[in-house]
2 protein chains.
Amino acid sequence: MTKHPVSLKDIASALQVSISTVSRALKNHPDISPEVTAKVQSLAREWNYSPNPLAMGLLRQQTKTIGVIVPDLVTYFYSSIISGIEQVAKENGYYIIISSSNESYEKEKECIENLLMSRVEGLIICLARDTVDYNHFDKIINNEMPLVFFDRICRTSEVSSVVTDNREIARELTIHFYDGGARRIAHIAGPQTLSIAKDRYEGYLSGLADCGFSADESLIKFTNLTESEATEATRQLLSLPKPPDAIFSVNDTVSFAAMKEIKRQGLRIPDDISLVAITDEFHATLVDPQLTNVMHPTYEIGQEAARLFLRQGKQGEKMVPMQVVLKSQLVVRASSVKPT
Amino acid sequence: MTKHPVSLKDIASALQVSISTVSRALKNHPDISPEVTAKVQSLAREWNYSPNPLAMGLLRQQTKTIGVIVPDLVTYFYSSIISGIEQVAKENGYYIIISSSNESYEKEKECIENLLMSRVEGLIICLARDTVDYNHFDKIINNEMPLVFFDRICRTSEVSSVVTDNREIARELTIHFYDGGARRIAHIAGPQTLSIAKDRYEGYLSGLADCGFSADESLIKFTNLTESEATEATRQLLSLPKPPDAIFSVNDTVSFAAMKEIKRQGLRIPDDISLVAITDEFHATLVDPQLTNVMHPTYEIGQEAARLFLRQGKQGEKMVPMQVVLKSQLVVRASSVKPT
DNA sequence: TTATGTTCCGCAAAGCTTTGCGCAAAGCTT
DNA sequence: AAGCTTTGCGCAAAGCTTTGCGGAACATAA
């Protein structure tokens with residue numbers, strides 16, 4: 001049993017032919033006689049030969065590797081997006097290296113450096129929460145290296161991206177609250193430097209307007225998306241002289257923090273407060289009452305991001321940044337329908 | 001701006017010295033004069049040189065890559081274990097390639113083939129649910145390639161592994177039910193081909209014995225760990241003439257399926273039925289009532305698995321399979337304490 | 001001046017694969 | 001039989017890095 005993987009050289013010396021002959025025989029090159037070809041192929045199969053990706057990479061000057069940076073690894077949202085990326089990547093012969101920025105700007109820069117050192121062919125990135133300037137992408141963009149942002153994006157005129165229709169769904173959702181009987185609709189927002197947070201905030205305002213309301217400053221709380229700030233924001237909202245009768249929270253972390261705080265105070269959902277979560281079906285149906293939720297097509301986001309990436313890799317010519325917008329879905333459950 | 005990453009050759013030709021001189025200068029080899037060393041290092045820094053991992057891999061005959069196979073990617077349990085692996089791997093200059101077996105035996109074999117073709121240096125694996133024979137690891141074991149199992153393990157006399165104290169925690173948990181007032185303690189078990197399922201089942205029996213009970217066949221249901229079978233098992237238990245007053249479910253999927261079904265039938269937790277979940281804190285505290293849970297040290301499992309892996313890689317001599325057992329923690333919350 | 005010793009650097013091979021080109025032998029034509 | 005084509009294979013370079021060894025240039029000693 002060979003300790004090391006078998007190479008063309010091994011086959012060549014076993015068969016007393018040259019390495020080039022083996023290489024050609026394996027791809028049925030017409031220069032090689034049928035007899036030799038047969039012998040080579042049969043031995044290659046028997047010994048389970050497969051080309052050394054390192055050597056191929058060196059030769060072709062490509063690593064067939066995509067770097068992926070996400071704010072965290074353990075959330076369903078990101079892990080299922082990664083699954084989507086992985087599937088398309090694998091189908092096209094690519095590997096992915098996954099890094100987590102832990103929502104930190106510094107860590108994000110570090111990840112990029114590391115991935116570039118690993119010679120990834122390009123990057124698929126979801127911005128960290130703390131990322132507020134975008135110059136660290138200069139090097140990548142200038143080198144015309146494939147780059148795709150998803151969910152939290154920036155520099156859209158230069159970089160392709162995949163997003164969901166955040167503005168629109170936030171608007172729908174706000175109107176849904178109104179239709180469900182809510183009249184004081186609060187919003188726990190995220191940092192306005194973050195594209196998704198900004199879009200959802202604007203959608204919220206737009207929805208309010210559609211319902212004939214103007215924004216009430218006291219019903220809008222900005223957070224940094226942490227559980228503790230979200231809890232605090234909820235607490236403040238609930239202690240208002242006239243508390244909200246519905247809360248639209250900007251993402252899943254905030255949604256669940258709000259829900260916990262509402263329950264902790266002994267308030268009833270949706271009777272006292274309607275709630276919508278941005279999360280997946282599993283989590284939405286896990287709790288009582290089941291949560292109306294905005295479901296993102298996470299797997300598809302990943303797939304689209306990978307496809308966008310691959311498209312960039314191909315056309316060496318003129319790269320036109322593209323933006324793919326996927327539709328989220330509002331699934332109405334008990335948490336947002338007030339008893340009549 | 002160079003389109004391609006800078007190589008030793010680029011620096012060498014810019015400085016009119018040989019490639020070997022550049023290589024040596026970068027590592028402060030005494031053969032190289034201080035002047036040349038200084039020039040080389042300064043240009044290397046300026047041009048942001050970093051060695052090509054492909055070339056290094058080819059030279060050293062190592063890819064610095066660990067293949068990781070998990071049953072699924074989107075569960076907190078596995079994704080946080082992967083985080084742990086990733087951290088230790090990165091610290092030691094290793095990359096990881098993650099594959100999902102989707103709980104399928106066939107897919108697991110396929111993943112192994114693919115990873116071997118990618119020239120991973122070894123594998124860290126959690127067995128798929130459907131894996132019932134273990135011959136597909138022969139090739140890896142015979143080649144003395146580093147291999148570590150975690151959580152769901154096999155061939156322990158040949159392969160190192162990381163597990164939690166399943167038997168013991170299952171026993172404790174059963175006794176905890178008894179102490180909490182339960183007298184008909186049911187168990188929704190998993191396939192007995194799976195090490196963890198078997199261990200927990202045995203721990204359950206042992207705990208019952210400690211409480212002076214013998215096992216009641218009707219209170220034990222075997223499932224394949226899917227949500228649907230778990231729901232069905234719960235339904236059967238609840239429809240017994242004398243239904244259980246506590247349910248110990250073998251894993252998180254089953255735990256939540258059981259909880260949902262119990263609630264669907266309008267039964268109260270813990271008043272009618274006590275429940276313990278095997279899950280993380282986030283999920284345990286998300287629901288009403290908060291669930292007593294068995295918390296696995298997931299991140300540490302990943303770290304330990306990676307460390308075991310690295311230890312194997314080093315000592316080329318005699319490889320002694322090691323088993324690391326980590327302690328799980330039983331965190332008591334409302335779901336298992338019956339009102340007195 | 002010659003022999004010996006340093007100092008400082010380059011050559012080349014190895015690791016694996018692909019591919020343009022060259023070359024020998026065999027077959028064919030006239 | 002001489003010249004041409006075809007067939008079938010090998011050489012070598014390129015992609016990047018490390019490292020043993022050889023060697024030129026200079027310095028020192030006798």
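All chains are named by letter (A, B, ...) in the order of the sequence lines, taking the proteins before the strands, and each is independently numbered beginning at 1.
- Between B/T21 and C/dC9 there is no side-chain polar atom (N or O) within less than 4.0 angstrom of OP1 or OP2.
- One N or O on the side chain of A/Q312 and one on the backbone of A/L147 form a donor-acceptor pair closer than 3.5 Å.
- Among the protein residues, B/S20 comes within range of the nucleic acid bases, having at least one heavy atom under 4.0 Å from a base atom.
- Residue A/D31 is classed as a base contact, given a heavy-atom separation below 4.0 Å to a base.
- Of the nucleotides present, D/dG3 is the one that pairs with C/dC28 by Watson-Crick or G-U wobble criteria, both distances under 3.5 Å.
- For DNA chain D, the span of nucleotides reached by chain A at under 4.0 Å from its heavy atoms goes, 5' to 3', from D/dG8 to D/dC16.
- Of the charged side-chain nitrogens involved, at least one lies within less than 4.0 Å of a carboxylate oxygen, so that B/R307 and B/E304 count as a salt-bridged pair.
- Position along DNA chain C of the nearest nucleotide to B/Q16 versus B/L59 favours B/Q16 as the more 5'-ward residue.
- The residue B/R24 sits close to a base: some heavy atom pair falls under 4.0 Å.
- If you look at A/F137 and A/F149, their ring centroids are closer than 6.0 Å.
- Each of A/L26 and A/K9 was matched to the nucleotide of DNA chain C holding its nearest heavy atom; the match closer to the 5' end belongs to A/K9.
- The one candidate from A/D151, A/I153, A/L326 that meets the side-chain contact (heavy atoms from CB on, under 4.5 Å) condition with A/V163 is A/I153.
- Contacts of A/S33 with the nucleic acid, taken as non-hydrogen atoms under 4.0 Å apart, involve only primed sugar atoms and P, OP1 or OP2.
- Between A/I196 atom CD1 and A/C126 atom SG the span is 6.5 Å, to the nearest 0.5 Å.
- Of the possible donor and acceptor atoms, none in the side chain of A/Q303 sits under 3.5 Å from a partner among the backbone N and O of A/V88.
- Nucleic acid contact class of A/S7 (heavy atoms, under 4.0 Å, all strands): sugar-phosphate only.
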